[in-house]
Amino acid sequence: MPRIPGARNRLKDTPVDGRKRVLLAAPRGYCAGVDRAVIAVEKALEHYGAPVYVRKQIVHNIHVVSELEKKGAIFVEEVDEVPTGSHIVFSAHGVSPAVVQGAADRGLQAIDATCPLVTKVHREAVRFARDDFEILLIGHEGHEEVEGTAGEAPEHTTLVGSPDEADTIVVRNPDKVVWLSQTTLSVDETMETVRRLRQRFPNLQNPPSDDICYATQNRQVAIKKVAQDSDLVLVVGSANSSNSVRLVEVALEYGAKAAYRVDYASEVKQEWLDGVRTVGVTSGASVPEELVQELLDDLANAGYGDVTQVKTAEEDLMFSLPKELRKDISGRTDARAIGGRVRTDA
């Protein structure tokens with residue numbers, strides 16, 4: 001697992017033709033659902049003391065997980081690893097009803113930090129299954145969010161992992177099918193999958209509202225604009241972060257000559273900057289802004305101190321914390337009960 005090294009700012013300022021600059025995408029970094037989930041773990045530790053257990057990574061970022069571990073959070077794969085009666089937080093990606101029942105069976109005190117936008121998709125799955133629709137769930141096999149959504153209606157759900165898979169899916173009744181999606185996918189690829197599904201199943205229904213979350217869409221729109229003017233795009237985010245990986249793909253698709261994902265600034269290689277005048281920078285929806293600032297500092301050391309922010313949307317959405325955490329230890333409503341940290345696109 002990558003760690004921040006002791007020495008930084010080791011990138012060299014090498015000459016290139018023209019002016020060096022950075023195009024900084026906005027929005028970037030923490031979305032409202034991630035902010036809510038991370039604060040939920042921090043406040044659970046404040047309320048109940050360490051340890052507080054968390055099923056899976058609370059969000060898909062190794063730095064965030066490492067920092068919470070230092071504060072006393074213990075991350076586990078499944079609820080049967082948690083001592084009876086302990087507090088457990090369900091991650092932002094959501095869990096299936098079977099996991100909720102498993103925690104209850106062990107007498108665990110569960111705090112649900114599922115992103116409300118993921119919860120919306122869960123409710124859609126329950127509703128459509130109740131009406132005997134077959135759900136074509138567009139997403140990545142093995143992703144926690146997909147497992148949680150499929151677990152709401154396993155007998156009614158078929159996973160569609162790519163546009164090509166849409167060409168081979170078999171359904172029971174082509175007149176009663178609906179598509180839902182993982183919230184962190186590439187918008188363009190998802191719409192291509194839907195297009196190909198609809199060619200085969202003309203009566204395919206849409207979800208009541210877009211399943212791909214606002215933050216995923218906003219970050220992809222911003223990097224599209226940045227990429228067309230960038231020789232190199234750097235995306236800060238972890239390898240298991242679906243939306244971070246998608247940002248690299250989108251950057252390449254929309255004109256960046258090269259694009260890489262890094263967890264930390266220290267992972268940027270000197271040769272990536274050879275001949276590069278314009279560096280585009282963004283971060284996934286589970287990345288704290290401090291990691292972006294470290295990257296900007298290192299790039300400035302290499303001569304890329306001219307930073308222009310490219311803003312394509314305003315974000316002001318905030319989510320209430322889980323009900324167990326809306327009051328402080330004294331019983332008063334906590335100042336962070338709704339919202340959290342300052343947005344990074346201001």
Derivation and outcome, side-chain contact (heavy atoms from CB on, under 4.5 Å), residues Leu137 and Val160:
CA-CA 6 Å; Leu137 179 58; Val160 185; over 6 Å; no
Charged N-O contact under 4.0 Å between [X] and [Y]:
X      : Y      : answer
Lys224 : Asp188 : yes
Arg200 : Asp167 : no
Glu42  : Lys71  : yes
Arg130 : Asp132 : no

State whether the side chain of [X] and the backbone N or O of [Y] hold a donor-acceptor pair below 3.5 Å, judged by distance alone.
X      : Y      : value
Lys176 : Leu204 : no
Glu147 : Val95  : no
Arg36  : Ser320 : yes
Asp131 : Phe133 : no
Ser283 : Gly29  : yes
Gln182 : His140 : yes
Arg261 : Val245 : no
Thr149 : Val146 : no
Ser241 : Gly237 : no
Asn243 : Gly284 : no

Check against side-chain contact (heavy atoms from CB on, under 4.5 Å), Met318 and Asp35
CA-CA 9 Å; Met318 296 182 292; Asp35 202 26; over 6 Å; no
Without hydrogens or angle criteria, can the side chains of [X] and [Y] be said to hold a donor-acceptor pair below 3.5 Å?
X      : Y      : value
Arg246 : Ser242 : yes
Asp164 : Ser162 : no
Asn218 : Glu315 : yes
Thr183 : Glu145 : yes
Arg106 : Gln101 : no
Asp229 : Thr278 : no

Exercise: identify the closest heavy-atom pair between [X] and [Y]:
X      : Y      : answer
Pro27  : Thr282 : O-OG1, 4.4 Å
Ala73  : Val54  : CB-CG2, 4.4 Å
Val268 : Arg10  : O-NH2, 2.6 Å
Val279 : Ser230 : C-OG, 4.3 Å
Val64  : Pro288 : CG2-CD, 3.7 Å
Val170 : Glu134 : O-OE2, 3.8 Å

Val281 and Leu23: side-chain contact (heavy atoms from CB on, under 4.5 Å), yes or no, with the steps?
CA-CA 6 Å; Val281 172; Leu23 298 179; over 6 Å; no
List the residues meeting salt bridge (Lys or Arg N to Asp or Glu O under 4.0 Å) with Lys20, not counting sequence neighbours, and say none if there are none.
Asp13
In chain order, what residues pass the salt bridge (Lys or Arg N to Asp or Glu O under 4.0 Å) check against Lys120, with sequence neighbours excluded?
Glu124, Asp211
Salt bridge (Lys or Arg N to Asp or Glu O under 4.0 Å) between Arg28 and Glu289: does it pass, once the steps are laid out?
CA-CA 8 Å; Arg28 64 184 178 277; Glu289 181 66 5; 2.8 Å; yes
Hey, could you give me the [atom1]/[atom2] distance between [X] and [Y], rounded to the nearest 0.5 Å?
X      : Y      : atom1 : atom2 : result
Glu294 : His63  : CD    : NE2   : 7.0 Å
Glu77  : Lys56  : CD    : NZ    : 4.0 Å
Asp306 : Leu299 : CG    : CG    : 12.0 Å
Thr193 : Leu136 : OG1   : CG    : 11.0 Å
Ile169 : Thr158 : CD1   : OG1   : 6.0 Å
Glu155 : Ile135 : CD    : CD1   : 11.5 Å

Full working for side chain to side chain donor-acceptor pair (under 3.5 Å) between Asn240 and Gln57:
CA-CA 10 Å; Asn240 63 338; Gln57 293 188 358; 3.1 Å; yes
For the pair Tyr53 and Glu81, evaluate side-chain contact (heavy atoms from CB on, under 4.5 Å) and give the outcome as yes or no after the intermediate values.
CA-CA 9 Å; Tyr53 293 84; Glu81 301 173 46; over 6 Å; no
Side-chain contact test, heavy atoms from C-beta onward, threshold under 4.5 Å: evaluate it for [X] versus [Y] and give yes or no.
X      : Y      : value
Val178 : Asn206 : no
Phe201 : Asp175 : no
Thr157 : Pro154 : no
Tyr30  : Val38  : yes
Trp272 : Val262 : yes
Ser91  : Arg55  : no
Val236 : Tyr264 : no
Thr308 : Arg21  : no

Over 60° means perpendicular and under 30° means parallel, so tell me whether His87 and Tyr48 are parallel, tilted or perpendicular.
parallel
What is the ring orientation for His60 with His143, classed by angle as parallel under 30°, tilted 30 to 60°, or perpendicular over 60°?
perpendicular
Answer yes if [X] and [Y] sit in the same cluster of Ile, Leu, Val, Met, Phe, Trp and Tyr residues linked by side chain heavy atoms under 4.5 Å apart, and no otherwise.
X      : Y      : value
Ile74  : Leu68  : no
Val41  : Val34  : yes
Ile138 : Tyr214 : no

Flag yes if more than 12 heavy atoms outside [X] fall under 6.0 Å of its [atom1] atom; otherwise flag no.
X      : atom1 : value
Lys225 : NZ    : no
Glu141 : CD    : no
Arg277 : CZ    : no

Who are the side-chain contact (heavy atoms from CB on, under 4.5 Å) partners of Arg195, not counting sequence neighbours?
Glu192, Gln199
